[in-house]
Structures are given as C-alpha cells and as structure tokens.
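So the structure is just underneath, and the comments pick up after that.
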Amino acid sequence: MTLDQILISALLVIALVLFVLGRPRYDLVALGTLIAGVVLGLVPAKDAFSGFGHDAVITVAAVLAISRALALTGALEPLTSLVRKASANTVTHILVLCGIGAVISAFMNNVGALALLMPIAIQSTIKAGRSPAGVLMPLAFSTVLGGMVTLIGTPPNVIVSGFRAQAVGEPYHLLDFAWVGLPAALAGLVYMALLGWRLIPGDRLGKGAVADLMDVGAYMTELTVKPGSSLIDRTVGEAEASWTDSDLTVVGLIRDDRRIFGAMARQKIAEGDVLLVRGESEAITRRARAAGLDFAASERPSAEHLQSQDVVMAEVVVGVGSPLIGRHAGELGLRETYGINLLALSREGAAIRSRLGRVRMQIGDVLLLQGDARRLQAVMADLRCLPLVERDIIKHDQRRGRIALGLFGAGIALAASGLLPAAVAFAIVVLGLVVSNALPVRELYTGIEWPVIVLLGAMIPIGAALETTGVTGLIADGIVGLGGDVPVWVLLAALLVVTMTLSDILNNAATAVIMAPISIAVAQGIDVSPDPFLMAVAIGASSSFLTPIGHQNNALVMGPGGYHFGDYWRVGLPLEIVVAVVSVPLLLLFWPL
C-alpha cells in the first residue's frame, strides 16, 4: 500500500469508529474527516467543498424542505382516516398503517413520514384497547422500507445515483429503484403484519409510555396552604428556590375554584391556596410539614386538574436535531425561556419523575409538557419535538395543503419524465412552495436537517478520495480474490449483507458513500455491469433494522413504544433476511450483468 492509501484508510477507520460511538455528532465527524483529508493532501483543496454543490445534496435538501411543507399544511391528513377504520384488528391495522407509511416515505423524508403517522398510530391503538408498542416498530420499519422504492425516498438512493452517473455517464431515474425496492418493501410489510409484531416481547405490550405519563396522580400532589404557613405572601419562585435540593416544582395553583398556571414564578401565595406540586412523595411530605402545608382532602390530581381553557398538556417525543438532546431542563430554562413545564419523562418505557431538571435528554425520550395552548405548537417546533397524540392546538390550512400537494406532484412528474434532473425539479417545487406561502421562509430553513446536509457534503469528497488513491480498487480486488470462482450472485449477496450490517451501526448516507465506490470497483473487477451491485448498496443501506441507532426512525419510536435496545434485532433480523432473499434474485433479473 502507498502512503496515501494508508492515510485515507486510517482516516476512514477513525471516522467509522467515531460514527459508531456517536460522539462527537456525525456531521462534525464528517467535517473533521474532510478537513483532515485536505490537510493530509488526500483531497485537493479546490475540491474540498465540492460535495455541497453535488446534485445528491441539493436533492436531499429540497426533499427535506418539501416534506416540511407537507407536514405543516396537513396535505396528507386524508390518508390517516383509513387507519382509524382498520384499527379493530391488529393485522389489518398494521397493513394499512404501514402501507400508508411506506407509500408516503417513498416520496418524502422518512422522518417526516413517521412524524405524520405516529400520532394517529398511538391514538388508534389506544382507542382499540391495545398498546402502541405493537404498531410503532412496524411503522418505523415501514417508513424506512418505503424509501427503497424511489430515487428521492432516502439519501442513499440519491448518493448511489450520483456514483452511477460518474461510472457510466447517466444517473438513475426516479422510479428505477422500484423494480427491486417495491417487491422488497411489500415482502417486508407482509412479514411485519403477519409475524413481525408478534416477536415484540409481551411485556412491551402493556398500557405504554404515553398512558403511563398521563397518570399524573403518580407524581403530582395537591397541597393546601394553612394559616400561619411560612409560604404566605411569598412568590412561587421564592418557594421553589428554597426547595432546589428536592427538585419540587409548582406547576399550578387553585384559588377560589380558579386555576392559575401562567407566570407561576411571580404568583404570590395566599392562605387557602391549593398548590399543584410535582416531585417525589417523600420530598413533598418533608417540605409540606416544614412549610405549614396540608395534603388536600380531594383525590390525587388527574390530567384535567393541570389544564384549563388556556393551558394544555402535550405528549411529545424528542426529535432529530432537538436542542434538548444531551442537555437537561435546567440548562435550557424551559420554564423561563419557553413558558412550559416539564411534568414527566419516559425512556424505554420507564417513567422518570424525580430530579427531572438534571436528566440529560436523548432522542426518542417521551416528554409530558404543560404550557400555553396558543404557544405550545411553536415551542414544540422550536424544540424539534414531535407530538404523539393529535391535539386541537395543531391547525392546518387545507388550501395550502392542496397547493403543496399539487406542486409536489408536478415535481415528481417532471423528474419521472426525465424533462428535468431531480435536483432541479424539486428545487423548483421548493421555490413554488415559498412563493405560494405554503412553506414560510423560516420553516424552509428549519425544515432542512442540516447535519445530514453537512454529512453528505463532507463525505462525498472522501468517497472520491477512496477512488483516486486506489483504496476502493484494493478492497474490490480482495473481495474478488476471496470469492474465487464463486457465482456472481454470491458476491452480490455478500455485498448486500455487508452494507446492511454497516447501516445498522452507521448513518445510512455515510454507508452509501463508503460502499458505492467499492461496489463499482467489484463489478469492474469481474467485468460486469455495476448496476446490480449499486442497487444492492441502495437496498442494504436502507435496511437498518437491527438497532435503534441504525436509523433515526428506529430511535424515535424507542421511547413511545417502550422498547429496549435488544427488541430491534428480534423483529429486524428476520426482516433483513426477508429483504435479502427477495432482493438478490430480483437484482439479477431486472439489472442483468
């Protein structure tokens, strides 16, 4: 190996290790890898940021923005009424819910598709008397499967198309992926509806994390201010300041049958007030005695006690790119900055109700928030949290929804017909959405998942460096040499399985950037068409089902479903086998060597 080959290989190994560890964030790892490649002379300085102008990056950014518009306008809401009608039976429920999820995710961002359907999935299962755990993992998997079907369904497809354009001079078209992706997705849906959901451990199929959080009586207490209490004429903020060691929070106050929730810190406490206090029972009891407070004679508080005409509660999940990730409520000042109370948190199905101000949040955590009904939707958007149950606080404009859907349909037609490249067609759609105000400019930029854009823009030059230094050729020669005289389908299956394995621990876009040039080199090494091998990479990179870290959608349902890390391989391993068994013969049938 030459020095350049040793350096780029070492750089890639370090990046892969950091990707797996998840620290620092994957976009920073990718950018650091790119800068190191430039400094070491592996990536020409003039090409360092060429990846950010690549068609793949533009297409992904445009689809993310369009997905945001479809979510904001509620353009796809009519489809969700079908889910309610099918929810009486688990099998039909999963078939309809996951079928809709797969169709939607074929044409929009996977995470956006899941966000649209997760509230209706939870609400419909609870109404049917079942746990959401039975449908949320199948829903997450189906929105990943749906991405296999079209060019714009998932970033790996766009990346693979870009490498194909470099190899043979022409990219893939919008529906080229459907020849193999559609049968694989359909087989996966049938598996999940008939068998997959039955493999979820039975103890996950209880009442679920959302119902558990709404049992506010388990962590809320009503305390009456007695005559002579030390809290009389003090503000709620002053009282809480003296309770910092106990992590008690006053989330509401009842005075003369009137509920007061807003600006609690400035509210003065009077004799006879009833304080609604969140915290551990032992700490509440200790502080109540010291401050001259009595436990109210009424029953334990219910959710209705914590809401009014102006104040509501909302169950949300910490989403991708949320500023909450890695931080605790005290750091962010949720109450002071956003005017909301964090009442409870659930992780992997277990409710956390004590020391909430010190719990560092993770993607997929389920939060119970209380706040002003008029501002809560905006706060949820700022915090990048996804609602778990449909609420009246979310309003949609049907006219804008029709505009968004019409423009998107036109973009798909332009891309599918070949009249315009996908990047240009969907960039036009984004412009039309902004001009028509179906997508406000502010939402245009917040809707794009910038870490993904940075990852793609930074890794594309690294992928090119693997080729120019000859590393992909070395790897391909090794694969071909190990294979000896084995049939081509064995090499194809091996490439698919390796890509699947990588995508279970790495970001799927990074997996595609690494494996696509290797697949081309393998095809060239045995003198066959690169198409079946590139398509194998596309399918494998979209088959992240063994872990919650393999795909963002897997992580997002972990909290709401109450799943544990090991639950994913139970359901996901047979699914990956199904996808592989269906895909390999179809790759050879539709993309001949």
Listed pairs under 3.5 Å, donor-acceptor, residues 498-523 side chains, sequence neighbours left out:
residue : atom : partner : partner atom : Å
T499    : OG1  : L495    : O            : 2.8
T501    : OG1  : V497    : O            : 2.9
S503    : OG   : T499    : O            : 3.4
S503    : OG   : M500    : O            : 2.8
S503    : OG   : G540    : O            : 3.1
S503    : OG   : S544    : OG           : 3.3
D504    : OD1  : F545    : N            : 3.0
D504    : OD1  : L546    : N            : 3.1
N507    : OD1  : A509    : N            : 2.8
N507    : OD1  : A510    : N            : 3.4
T511    : OG1  : N507    : O            : 3.1
S519    : OG   : A516    : O            : 2.6

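- Counting heavy atoms from C-beta outward, D27 and W450 have side chains that stay 4.5 Å or more apart.
- At least one side-chain heavy atom of V168 sits under 4.5 Å from a side-chain heavy atom of P530.
- A pairwise comparison of heavy atoms in V43 and A48 identifies CG1-CA, 4.2 Å as the closest pair.
- Shown here for L145 and G188, the closest heavy-atom pair between the two residues is CD1-CA, 3.9 Å.
- The shortest side-chain heavy-atom distance between I549 and F19 does not fall under the 4.5 Å cut-off.
- For the atom pair I100 CD1 and S142 OG, the distance stands at 10.0 Å (nearest 0.5 Å).
- Under the 4.5 Å side-chain criterion, counting only non-hydrogen atoms from C-beta, L12 is in contact with L466.
- Of all heavy-atom pairs between A113 and I104, the closest is CB-CG2, 3.7 Å.
- Nearest heavy-atom pair, N157 versus S542, reported as atom, atom and distance to 0.1 Å: OD1-OG, 4.3 Å.
- With rounding to the nearest 0.5 angstrom, the OH atom of Y563 is 4.5 Å from the CG atom of L136.
- Of the candidates N553, N109, T154, T143 forms a side chain to side chain donor-acceptor pair (under 3.5 Å) with just one, namely N553.
- Annotation: side chain of V144 is not in contact with side chain of S105 (no heavy-atom distance under 4.5 Å).
- Below 30°, between 30° and 60°, or above 60°: for F408 and F107 the angle between ring planes is above 60°, a perpendicular geometry.
- Classification of D365 and R327 as a salt-bridged pair fails, no side-chain N sitting under 4.0 Å from a carboxylate O.
- Atom CD1 of I460 and atom OG of S50 lie 8.0 Å apart (nearest 0.5 Å).
- M148 has its side chain out of reach of F177: every pair of non-hydrogen atoms, C-beta onward, lies at least 4.5 Å apart.
- The two atoms that bring V578 and A187 nearest to each other are CG1-CB, 3.8 Å, heavy atoms only.
- For the atom pair CG of L420 and CG of L414, the computed distance is 5.0 Å after rounding to the nearest 0.5 Å.
- At a threshold of 4.5 Å between non-hydrogen side-chain atoms, the residues L439 and R68 count as touching.
- Side chains of I152 and T59 form a contact here, defined as non-hydrogen atoms less than 4.5 Å apart.
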